[in-house]
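The block underneath contains the structure these notes are about, expressed in structure tokens.
Bear in mind the structure is a predicted one, so any value in this text is a computation, not a measurement. Chain letters run A, B, ... following the sequence lines, proteins first, then strands; residues in each count from 1. All values below were derived from every heavy atom in this structure, side-chain atoms included, with hydrogens, water molecules and symmetry-related copies excluded.
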Number of protein chains: 2
Amino acid sequence: MARGSETRERILEIAEQAVLAKGFGATSIEEVIAAAGITKSGFFYHFKDKNELAKAMLVRYIAENDRIFDDLFGRADELSDDPLQSFLIGLKLLAEAMADLPNGHPGCLIATYCYQERLFDREIRAIYQTAVMRWNDRFRSALARIDASYAPRDAIELDRVGAMLSCVVDGGIIMSKALDDPRILEQQIMAFRSYIKLLFTPPLVAYEREPA
Amino acid sequence: MARGSETRERILEIAEQAVLAKGFGATSIEEVIAAAGITKSGFFYHFKDKNELAKAMLVRYIAENDRIFDDLFGRADELSDDPLQSFLIGLKLLAEAMADLPNGHPGCLIATYCYQERLFDREIRAIYQTAVMRWNDRFRSALARIDASYAPRDAIELDRVGAMLSCVVDGGIIMSKALDDPRILEQQIMAFRSYIKLLFTPPLVAYEREPA
DNA sequence: CCGAAAACTGTACCATCGGTCAAGTTATGG
DNA sequence: CCATAACTTGACCGATGGTACAGTTTTCGG
């Protein structure tokens with residue numbers, strides 16, 4: 001990494017931590033540059049204003065998240081050909097990955113942005129909107145593949161079930177923070193997994209007929 | 001209401017809206033007093049500093065939330081003696097109440113506080129911690145009552161299922177905000193309801209034996 | 001109707017913050 | 001080796017945030 005992008009990356013990392021801990025409005029450029037060991041002019045060389053910092057942080061966060069999802073659910077696909085099993089494995093891997101975070105999940109940047117929407121412009125909102133919709137699509141299509149082989153045991157629209165995962169994760173992060181218990185996020189993902197299991201696993205009588 | 005408490009209440013209402021829209025750190029006392037039509041000194045007469053405002057807002061928010069839960073799930077208890085049906089009715093009522101909010105849910109104050117934890121002291125955190133634990137207990141005991149009559153169809157700890165409701169609600173609020181679609185929150189509560197149904201409804205063969 | 005407390009107002013103050021500007025310095029790659 | 005990227009120095013500005021304190025109006029019990 002070139003010298004410039006390294007500093008830029010450091011700023012983004014420091015800013016992200018601060019924003020997740022205190023909110024965007026309460027995070028001052030001043031404290032970020034102090035932690036990064038640069039001057040104010042140095043900061044404004046990389047980002048023309050605070051809004052540009054917000055945008056860059058968001059883009060970085062989304063890319064990292066995409067990478068993680070690709071990784072975990074890609075790995076799950078390698079471990080099972082069955083769409084239901086693959087998704088259940090992916091959820092388990094996701095739960096484990098969340099459990100392995102040393103100090104718990106640092107927070108969802110999109111959630112903080114949503115709760116400070118008035119501070120951001122349409123462009124930033126468009127960025128996280130497409131990201132959330134992409135994640136919803138990803139899980140919805142995983143469920144659609146399951147739906148092709150297994151009859152759902154309740155009449156519910158699958159896009160809502162797909163969206164539920166992101167909701168459970170964001171809610172789990174909040175409750176983990178609220179109760180200061182990192183395990184909650186993992187448990188909530190596993191609870192969602194339990195729902196998927198119940199929704200698609202055939203009743204026992206049929207299940208026994210089902211081949212491996 | 002006396003003159004003083006009326007002004008105090010107005011400040012809290014205005015501040016809550018602003019905090020839910022922009023975050024606590026980004027909400028200035030100046031704008032609150034401008035909207036409330038009082039002076040800065042008037043504000044500091046009611047709250048000795050911004051932290052006291054935060055605390056009062058939180059206490060107010062929690063009390064209102066308790067009231068809503070008591071109302072909806074109390075009404076559900078009147079509508080059915082069966083613990084499962086009562087809970088399912090309560091969830092439906094909750095979903096409807098969320099759908100009836102004119103501009104969508106304004107946001108969960110506890111979620112915004114969690115995402116700005118560094119701005120608040122231990123006392124404030126203790127307040128919302130006990131509130132969240134109380135809500136979790138409420139749902140857990142509702143599930144325990146169901147558990148006494150219906151065998152759960154998956155081995156999952158009920159306290160996690162109970163906590164899931166708050167997670168789904170908070171996550172649903174965020175996704176509603178993110179995608180600017182108020183219906184998502186309602187749909188997510190109904191998705192959680194679908195999970196409860198699947199978790200406790202006996203398989204069809206037994207269900208047909210069940211009386212109304 | 002009076003006096004005391006409650007509920008404010010007026011004004012002044014200072015640190016901080018976001019942002020700008022101009023000019024200079026250092027490092028790096030082609 | 002030189003052009004450009006990646007900064008530093010330092011000064012400045014207007015706005016805001018929170019604090020302090022003295023003064024004024026309103027309310028209400030006796």
Are the side chain of B:S86 and the backbone N or O of B:D82 linked by a donor-acceptor pair below 3.5 Å?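 Here the side-chain-to-backbone pair does not exist.
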
Applying side chain to side chain donor-acceptor pair (under 3.5 Å), which residue pairs with at least one partner in residues 49-60 of chain A are found, sequence neighbours left out?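 Qualifying pairs, neighbours excluded: A:E9-A:R60, A:E13-A:R60, A:E16-A:R60, A:N51-A:D121, A:K55-A:E123.
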
Test: side chain to side chain donor-acceptor pair (under 3.5 Å). Region: residues 89-117 of chain B. Which pairs qualify, not counting sequence neighbours? none

What is the distance, rounded to the nearest whole Å, between atom [atom1] of [X] and atom [atom2] of [N]?
X: B:R8; N: C:dC8; atom1: CZ; atom2: P; value: 12 Å
X: B:E6; N: C:dA6; atom1: CD; atom2: C1'; value: 15 Å
X: A:E30; N: D:dT16; atom1: CD; atom2: C1'; value: 14 Å
X: A:F44; N: C:dT20; atom1: CZ; atom2: C1'; value: 9 Å
X: B:I29; N: D:dG18; atom1: CD1; atom2: P; value: 4 Å

Quick check: are there more than 12 heavy atoms from other residues, nucleotides or ligands sitting under 6.0 Å from CZ of B:R134? yes

Counting only heavy atoms not in B:D180, do more than 12 sit closer than 6.0 Å to its CG atom?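 12 or below, so no.
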
What pairs with B:R145 under side chain to side chain donor-acceptor pair (under 3.5 Å), at least two apart in sequence or on another chain? none

For A:L93 and A:A76, work out which heavy atoms get closest and say how close. CD1-N, 4.1 Å

Closest heavy-atom pair, B:S194 versus A:Y195, reported as atoms and distance to 0.1 Å, is OG-OH, 2.6 Å

Would you say C:dA7 has OP1 or OP2 under 4.0 Å from some side-chain N or O of B:T7? no

Hey, is the side chain of B:H46 poking within less than 4.0 Å of OP1 or OP2 on C:dC8, counting only N and O atoms?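 It does, given that an N or O in the side chain of B:H46 lies less than 4.0 Å from OP1 or OP2 of C:dC8.
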
The correct set of residues in residues 114-122 of chain B placing a heavy atom under 4.0 Å from DNA chain C is none

Expected output is a numbered-order residue list: members of residues 47-61 of chain B with a heavy atom under 4.0 Å from any atom of DNA chain C. What is it? none

Which of parallel (below 30°), tilted (30 to 60°) and perpendicular (above 60°) describes A:F43 and A:F47? tilted

Please tabulate, one pair per line, each protein N/O and nucleotide N/O from nucleotides 8-12 of chain D that are separated by under 3.5 Å, including the distance.
unit_1, atom_1, unit_2, atom_2, d
D:dT8, OP2, A:T39, N, 3.0
D:dT8, OP2, A:T39, OG1, 2.7
D:dT9, O4, A:S41, OG, 2.7
D:dG10, O6, A:S41, OG, 3.1

Applying ring-ring contact (aromatic ring centres under 6.0 Å, His included) to A:F24 and A:F120, what does each step give before you reach the verdict? CA-CA 10 Å; A:F24 189 76; A:F120 305 113; 5.0 Å; yes

Between A:F139 and A:F73 (judged by ring centroids, cut-off 6.0 Å), do the two rings come close enough to count as a pair? yes

Remember a base hit wins even if backbone is also touched, and classify B:T27 as base, sugar-phosphate or nothing at under 4.0 Å, heavy atoms.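 B:T27: no heavy atom of the nucleic acid under 4.0 Å.
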
